[in-house]
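Right, one structure below, let's go through it.
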Amino acid sequence: MRTETTPRFDREYTRLPQHIQARVDKQFALLLSDPRHPSLRIRKMKGWRDIWEGHVTQNCCFTFNIVGDIYIFRRIGTHNIYRKP
């Protein structure tokens with residue numbers, strides 16, 4: 001699998017503290033090697049078509065979708081940024 005990021009993801013990632021960025025990088029490497037790893041807690045998001053959610057820490061999660069063999073990382077931050085308005 002390959003990865004891509006959206007501009008919004010890139011902005012949100014740069015705003016994270018460095019120790020969380022390091023954890024994100026570790027979790028993404030884990031996602032690429034073992035997407036079923038329990039610490040990722042990957043699940044399909046309810047109410048969203050083809051959007052998945054994974055966890056970095058208890059309070060930090062990310063969303064992505066899969067197109068072919070590409071993970072497209074969409075958002076990253078606390079849980080409340082992913083709620084529909």
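Values in this document were obtained by computation on a predicted structure and should not be read as measured data.
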Exercise for review: Identify the two heavy atoms, one from Asp34 and one from Leu40, that lie closest to each other, and give their separation to 0.1 Å.
Suggested key: O-CD1, 3.7 Å
Exercise for review: Assess the pair Phe28 and Phe62: is the distance between their ring centroids shorter than 6.0 Å?
Suggested key: yes
Point to revise | Value rounded to 0.5 Å, distance of CZ in Arg11 from OG1 in Thr6 | key: 7.5 Å
Check your understanding: So, do Leu31 and Met1 sit near enough that their side-chain heavy atoms are less than 4.5 Å apart?
Key -> no
**Study point:** Thr3 side chain reached by Phe64 side chain, heavy atoms, under 4.5 Å
**Key:** no
Practice item. With rounding to the nearest 0.5 Å, note down the distance linking CZ in Arg2 to OH in Tyr71. Key: 13.0 Å
Review point. Is there a side-chain contact between Phe9 and Arg75, using heavy atoms and a 4.5 Å cut-off?
Key: no
Point to revise | Between Phe73 and Tyr13, ring centroids under 6.0 Å | key: no
Exercise for review: Can you see which heavy atom on Gly54 is nearest to which on Cys61, and at what distance?
Suggested key: O-CB, 3.0 Å
Review point. Just how far is it from atom OG1 of Thr5 to atom CD of Glu12, taken to the nearest 0.5 Å?
Key: 11.0 Å
Check your understanding: Taking all atoms of both residues into account, what is the closest heavy-atom pair of Pro35 and Ile42, and its distance?
Key -> O-CG1, 3.7 Å
Check your understanding: Does the side chain of Arg8 come within less than 4.5 Å of Arg74's, by heavy atoms?
Key -> no
Review point. CD of Gln27 to NE2 of His37: how many Å apart, nearest 0.5 Å?
Key: 8.0 Å
**Study point:** In one Ile/Leu/Val/Met/Phe/Trp/Tyr side-chain cluster, 4.5 Å: Ile66, Ile72
**Key:** no
Practice item. Please name the pair of heavy atoms, one in Val56 and one in Ile76, separated by the smallest distance, quoted to 0.1 Å. Key: CG2-CD1, 4.3 Å
Practice item. Identify the heavy atoms of Arg23 and Thr57 that sit nearest to each other, and give their distance. Key: NH1-CG2, 3.9 Å
Review point. Do you know the tightest heavy-atom contact between Thr63 and Met45?
Key: CG2-SD, 3.5 Å
